[in-house]
Number of protein chains: 2
Amino acid sequence: MRPRKQHRTPTLEDVARVAGVSRATVSRVVNGVATVDAALRLKVMAAVDTTGYRPNNAARQLAGRKAGSIALVISGSDGSAEQVFGDPFFGRVTGGVVKHLRTKGIHPTLVLADSESARGEAVDYVRRGNADGALLVSTHADDTLPGLFVDAGLPAVLFARPALHAPISYVDLAHEVGAALAADRLVARGCRRVATIAGPIDVPAAQDRLSGFRQAMARHGEPYAAVAYGNFTLESGELAMADLLARTPDLDGVFAANDLMAAGALRALRDAGRAVPADVAVIGFDDSAPASTSTPRLTTVAQPLEEMAAEMSRLLLDQITHAGTEPVCKIFDPHLVLRDSA
Amino acid sequence: MRPRKQHRTPTLEDVARVAGVSRATVSRVVNGVATVDAALRLKVMAAVDTTGYRPNNAARQLAGRKAGSIALVISGSDGSAEQVFGDPFFGRVTGGVVKHLRTKGIHPTLVLADSESARGEAVDYVRRGNADGALLVSTHADDTLPGLFVDAGLPAVLFARPALHAPISYVDLAHEVGAALAADRLVARGCRRVATIAGPIDVPAAQDRLSGFRQAMARHGEPYAAVAYGNFTLESGELAMADLLARTPDLDGVFAANDLMAAGALRALRDAGRAVPADVAVIGFDDSAPASTSTPRLTTVAQPLEEMAAEMSRLLLDQITHAGTEPVCKIFDPHLVLRDSA
DNA sequence: TTGAAAGCGCTAACAC
DNA sequence: GTGTTAGCGCTTTCAA
């Protein structure tokens with residue numbers, strides 16, 4: 001005696017019985033295979049409804065087709081996990097991914113790859129068929145993970161262009177455009193002595209923001225704006241600002257490559273007795289939390305992270321269904337958020 | 001002809017062949033069933049090593065045992081997703097979960113439940129066997145989700161005590177203790193007129209922080225500290241502070257129920273020309289990003305979120321392996337992080 | 001204690 | 001176009 005048969009969740013078999021067809025036909029309908037008689041298809045769809053049938057992912061996976069899930073891999077240098085997760089950037093990207101994927105009825109599996117061996121395992125995880133593909137979010141641009149996925153021939157899409165060129169799809173921001181937005185705004189408000197606090201030179205995004213800023217300033221007839229480097233932390237921004245102030249005392253505008261450094265700049269400026277934006281205008285990048293909690297609140301360049309994340313998911317899904325397509329990259333435009341600092 | 005047989009990932013069958021035993025025996029060894037001859041067990045383990053065998057989750061799941069994965073469900077009111085994910089709180093909890101689970105070789109699946117129907121689907125997801133249990137992180141305390149899991153008899157553990165009492169395990173912070181830490185600090189620095197900015201009364205954590213603060217102040221002989229309410233946003237903190245200042249002009253210390261409201265208080269205080277901490281000392285709660293980016297930097301009460309998240313995962317895993325155990329709750333102690341505001 | 005064998009729910013040849 | 005059938009890798013009675 002099989003107990004509680006009626007409490008079982010309905011299977012393909014059940015639907016087939018109700019519709020009066022074979023399992024195969026139901027499978028075809030459920031998977032949208034074209035070669036099915038219209039009348040039968042309707043009957044099957046009705047049966048699916050009445051039974052409340054939902055495909056069993058494990059069975060699908062085992063039968064050798066799709067896993068019905070994708071991996072969201074967070075990669076980074078050893079032990080950088082704490083830092084990654086504490087950054088709202090990660091949360092916003094994750095949110096965008098989850099939200100988009102949910103409309104397709106799929107839930108991402110979170111895989112942490114914060115060591116070389118963990119990266120290998122992440123690839124294995126997907127290779128084993130636990131996921132149909134991977135969304136890769138790296139903290140460091142020179143990450144080895146994208147390469148591993150490319151080599152394994154597994155569907156994968158990156159958030160942000162990899163430092164090492166690889167044939168892989170990615171979404172990214174038009175960083176130069178964002179930097180130009182900032183430069184233009186500074187010049188438009190009448191700043192004549194503009195400097196910038198750049199991020200680490202080995203981070204592509206930081207490079208792009210710097211070069212975008214320089215080019216924009218050159219267009220405004222100021223090709224030699226002062227530059228100080230930071231590492232994206234508040235403290236480094238504070239130091240860089242102090243440095244800039246020492247080198248260019250008459251400076252009246254600053255563009256920082258991220259909000260945290262801009263917040264640090266605000267601190268240094270206050271300590272130096274300069275009013276913001278009256279004496280010095282400041283613009284940040286990212287529109288992250290510090291931008292709205294700092295005093296004054298930061299004018300900043302915002303990234304459509306959620307949209308980018310959704311697009312990243314879309315690209316991956318496409319790549320999974322249409323195997324063997326060429327890598328694609330989608331670049332998004334940032335916009336300026338005007339607040340009180342510039 | 002079966003192609004590329006050698007590139008297949010090893011199965012139980014392969015291990016069995018190498019070890020010279022049956023699949024059943026290998027299965028027993030792999031699953032730690034006691035009734036296996038010691039010698040055979042060793043042989044099997046060796047075979048597992050040489051073949052590099054790893055169990056296939058889909059097959060396990062299909063065969064009716066464990067899914068080998070757990071769901072991390074983010075619940076909240078309709079459309080609150082954006083907000084949730086942008087908050088580093090979520091990221092830190094997620095990080096703690098992922099990090100702990102990884103040591104057990106399992107990866108959480110992220111499930112968003114930001115509507116009543118989505119909550120139903122989240123329960124279904126687990127009921128269908130896609131996950132062995134769920135970790136529930138709610139934005140609102142009166143969430144229906146915990147109840148749904150309890151009713152379905154599915155293993156689940158909550159982050160934070162639910163407003164509606166339910167027989168379910170959870171981890172939480174000793175909020176009263178944290179509030180007392182703040183009160184004590186304020187009194188110890190010599191504040192004589194202390195007020196508090198409380199959070200929404202329907203949030204258990206906010207209630208606890210308020211009552212903990214009041215009790216501590218009562219112990220110091222000040223049972224009637226002024227209270228203003230906010231909703232955890234910076235703006236609400238600013239408003240509440242202005243209100244407090246109007247009602248209690250000679251106030252010299254403030255405890256805000258979270259850092260964002262404390263940052264707002266800082267703003268109001270600056271506008272009112274009060275120096276912090278010289279005129280008015282301020283203490284926040286959470287040790288979140290604004291605490292270290294504000295000026296002055298906030299002295300605040302810190303929660304060991306990652307530890308709490310790890311413990312939450314541990315409780316769930318326990319509950320999964322030892323079915324039918326009583327709900328457990330683990331309360332963690334906060335600590336004071338001294339910075340510049342008090 | 002160990003092995004043989006029956007599925008778990010589904011997909012994909014292959015035959016009709 | 002549709003049905004039949006052979007697995008996918010694993011767990012788990014049931015015998016031995």
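Chain identifiers are assigned alphabetically (A, B, ...) following the order of the sequence lines, protein sequences preceding nucleic acid strands; residue numbering begins at 1 within each chain. Computed from a predicted model, the values in this text were never measured in an experiment.
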Contact list (N/O, under 3.5 angstrom) for nucleotides 12-16 of chain D vs protein:
from, atom 1, to, atom 2, distance (Å)
D/dT12, OP1, B/R65, NH1, 3.3

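- Looking at B/R54 and A/D124, their side chains never come closer than 4.5 Å, going by heavy atoms from C-beta outward.
- Residue contacts for B/V30: at a heavy-atom cut-off of 4.0 Å it reaches no nucleic acid atom on any strand shown.
- Side-chain atoms of A/D143 and A/S75 form a donor-acceptor pair, as typed in the model, at a separation below 3.5 Å.
- One atom, NZ of A/K43, and another, C1' of D/dG1, lie 14 Å apart when rounded to the nearest Å.
- In this structure, the nucleotide among C/dG3, D/dT2, D/dC10 sitting nearest to the side chain of B/S22 is C/dG3.
- At least one donor-acceptor pair under 3.5 Å links the side chain of B/D132 to the backbone N or O of B/A67.
- Separation of atoms OG1 (B/T321) and NZ (B/K66) is listed at 9.0 Å; rounding is to 0.5 Å.
- Between B/Y125 and A/H107, the ring planes lie perpendicular to each other; the angle is over 60°, past the 30° to 60° tilted range.
- In this entry the distance linking OH of B/Y53 with P of D/dG9 reads 10 Å, nearest Å.
- Distance A/R17 CZ to D/dG3 C1': 16 Å, rounded to the nearest Å.
- Straight-line distance from the CG atom of A/L12 to the C1' atom of C/dT11: 9 Å, rounded to whole Å.
- Taking atom CG of A/D14 as the reference point, atom C1' of C/dC8 lies 13 Å away to the nearest angstrom.
- B/L62 has its CG atom 8 Å from the C1' atom of C/dC10, to the nearest Å.
- Rounded to an integer number of Å, the gap from CZ of A/R60 to P of D/dG9 is 19 Å.
- Looking at the side chain of B/A59, the nearest of the listed nucleotides C/dT1, C/dC10, D/dG9 is D/dG9.
- A/R128 pairs by the side chain to side chain donor-acceptor pair (under 3.5 Å) definition with nothing, not counting sequence neighbours.
- Nearest heavy atoms, B/L316 versus B/G133: CD2-C, 3.9 Å.
- The distance from atom CG of B/N56 to atom C1' of C/dG9 is 14 Å, rounded to the nearest whole Å.
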